[in-house]
Q: 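One structure coming up, written as structure tokens, with questions to follow.
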2 protein chains.
Amino acid sequence: MSKIEEKKERLLNVAQSIFSRFGLFKTTIDEIAKAARVGKSSIYYYFKSKEDIFKAVVEKELKTLKEKINQALVNIDNPQEKLKVFILTRMKYLRELANIYNALQNDYLEHYAFVQKLRTDYDNEEIILIKEILQKGIQEERFAIDDVELTSTVILVTLKGVEFEWSTKFNENEIEKNIDKLLDLLFNGILRR
Amino acid sequence: MSKIEEKKERLLNVAQSIFSRFGLFKTTIDEIAKAARVGKSSIYYYFKSKEDIFKAVVEKELKTLKEKINQALVNIDNPQEKLKVFILTRMKYLRELANIYNALQNDYLEHYAFVQKLRTDYDNEEIILIKEILQKGIQEERFAIDDVELTSTVILVTLKGVEFEWSTKFNENEIEKNIDKLLDLLFNGILRR
DNA sequence: TTTCGAACATTTTCGTCTTTCATTCTAATT
DNA sequence: AATTAGAATGAAAGACGAAAATGTTCGAAA
């Protein structure tokens with residue numbers, strides 16, 4: 001990594017921790033500069049604006065999240081298990097990555113073009129990932145799915161819906177139990193046979 | 001109905017149509033009074049505050065919604081069919097009743113105590129209704145459900161999640177198709193058998 | 001090339017005044 | 001007495017300009 005990239009990285013880490021605590025609006029460039037022990041104008045040597053820094057931080061967190069999910073999934077073959085691990089890993093790290101979580105949830109940020117783009121882009125990526133898992137399951141003749149598009153949308157929507165409620169109400173252990181039940185519902189449906 | 005209740009009703013209808021167009025904040029008591037051809041202080045003879053009027057309007061709409069749903073469900077016996085009709089009816093009328101829809105969705109209203117109460121109360125009622133349908137299905141040995149509580153939560157969350165997306169993207173016919181698929185997913189799951 | 005102090009530009013904050021609006025009062029009308 | 005509404009009240013929301021804070025740029029220095 002080049003010298004300049006190392007410095008950018010350092011500034012980004014500082015910015016990340018401050019943004020995590022105070023959010024985009026309540027942190028000033030000066031704070032970041034002070035914390036990083038540089039003059040505030042130096043920041044502009046590396047980033048073109050405050051929004052740009054925030055964007056970089058969120059993208060960094062997004063990259064981390066994707067890596068964590070990929071790492072968790074890479075040596076799992078069973079598509080049922082894969083879905084479960086995907087959901088669990090997603091929930092776990094999304095909560096840790098405060099800035100991306102905020103960018104995805106906070107209503108005050110939705111007017112920023114890059115946040116909107118981030119949301120739809122990331123939605124799409126997740127849909128694609130879910131679709132791939134489903135397709136693999138179909139290919140292996142484990143799943144029988146009529147409309148993969150709709151099914152993955154429903155899975156993602158449900159995930160986003162229960163995520164908030166569960167992560168405030170339950171501990172990690174209970175969440176896993178709920179996810180198991182949710183997956184059981186998804187796999188088997190509710191009809192008696 | 002007493003004279004005073006008739007007048008209240010009339011004022012409420014006027015208020016409903018104005019609130020529907022402009023929302024709680026952008027409509028003034030004066031507007032309602034003018035539209036109803038009464039002096040604005042007369043309104044206070046019937047309602048104790050602006051919030052009180054809005055509350056009454058929302059409750060009126062809620063009552064309408066419940067009636068519509070009950071009417072639609074009353075002579076359906078099959079629990080599968082019942083779920084479908086519930087979902088369709090709910091979607092259809094919720095969109096027509098602008099004020100309750102706003103009260104349930106609009107972030108600016110969530111600070112009002114009665115809106116919060118309305119939301120949680122109505123959530124509970126819907127959960128209860130869904131549970132009842134599920135219980136009936138279990139009783140008739142059509143459904144096999146491990147955790148009825150979680151299942152009904154998941155159904156409601158999914159409903160609320162797809163509702164917005166679908167109602168902007170699809171027409172009534174396509175929505176019905178999607179709901180059919182959604183129900184198929186719910187009933188049969190995705191596992192091949 | 002990199003840094004930073006100072007200058008500049010833009011936004012936010014604050015105080016003041018004015019206007020609007022919800023609510024109350026009071027007297028008139030039914 | 002029940003009902004209505006004009007006028008009064010007070011609190012909140014806007015309009016506006018000055019001052020302060022903050023984001024961004026520039027040019028000189030390390």
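Worth knowing before you read on, the calculation uses all heavy atoms, side chains too, and leaves out hydrogens, waters and symmetry mates. Proteins get letters first, then strands, A, B, ... in listed order; numbering begins at 1 in each.
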Q: Return the nearest nucleotide to the side chain of A/Ser42; candidates are C/dC4, D/dA5, C/dT2.
A: C/dC4
Q: Would the distance check show the side chain of A/Lys136 and the main-chain N or O of A/Asp77 forming a donor-acceptor pair, the cut-off being under 3.5 Å?
A: yes
Q: For nucleotides 20-23 of chain C, which of its nitrogen or oxygen atoms have a protein nitrogen or oxygen under 3.5 Å away, and what is each distance?
A:
| from | atom 1 | to | atom 2 | distance (Å) |
| --- | --- | --- | --- | --- |
| C/dA22 | OP1 | B/Lys50 | NZ | 3.0 |
| C/dA22 | OP2 | B/Ile29 | N | 3.0 |
| C/dA22 | N7 | B/Lys40 | NZ | 3.0 |
| C/dT23 | OP2 | B/Tyr44 | OH | 2.7 |
| C/dT23 | OP2 | B/Lys50 | N | 2.7 |
| C/dT23 | O5' | B/Tyr44 | OH | 3.4 |

Q: According to side-chain hydrogen bond (donor to acceptor under 3.5 Å, both in side chains), who are the partners of A/Glu176, at least two apart in sequence or on a separate chain?
A: A/Lys84
Q: How are the rings of A/Phe187 and A/Phe143 set to each other: parallel, tilted or perpendicular (split at 30° and 60°)?
A: parallel
Q: Taking B/Glu81 for its side chain and B/Asn78 for its backbone only, find out whether a donor-acceptor pair lies under 3.5 Å.
A: no
Q: In this structure, how many angstroms lie between the P atom of D/dA5 and the CG atom of B/Leu11, rounded?
A: 11 Å
Q: Write down the distance between NZ (A/Lys34) and P (C/dC4), rounded to a whole number of angstrom.
A: 13 Å
Q: Rounded to the nearest angstrom, tell me the gap between atom CD1 in A/Ile32 and atom P in D/dT22.
A: 13 Å
Q: Look at the side chain of B/Val38 and decide which nucleotide, out of C/dC4, D/dA5, D/dT3, has an atom nearest to it.
A: D/dA5
Q: Return no unless some side-chain N or O of B/Tyr45 is found under 4.0 Å from OP1 or OP2 of D/dT3.
A: yes
Q: May I have the distance from A/Lys26 (atom NZ) to D/dG23 (atom P), rounded to whole angstrom?
A: 13 Å
Q: For B/Val85, does its backbone N or O pair with a side-chain atom of B/Thr89 as donor and acceptor, under 3.5 Å?
A: yes
Q: Anything under 3.5 Å between a protein N or O and an N or O of nucleotides 27-30 of chain C, put it in a table, one pair a line.
A:
none

Q: If I take atom CD1 in residue B/Ile43 and atom P in nucleotide D/dG6, what distance separates them, rounded to the nearest angstrom?
A: 13 Å
Q: Check this for me, if you would: do B/Arg10 and B/Glu6 make a salt bridge, where the nitrogen-to-carboxylate-oxygen distance has to be below 4.0 angstrom?
A: no
Q: Can you tell me the distance, in whole Å, between the CD1 atom of A/Ile53 and the C1' atom of D/dG23?
A: 10 Å
Q: Got more than 12 heavy atoms from elsewhere within 6.0 Å of CG, A/Asn171?
A: yes
Q: Is a salt bridge present between A/Lys160 and A/Asp123, judged by a nitrogen-to-oxygen distance below 4.0 Å?
A: yes
Q: So among A/Phe25, A/Phe47, A/Phe19, which one has a ring pair (Phe, Tyr, Trp, His ring centres under 6.0 Å) with A/Phe54?
A: A/Phe19
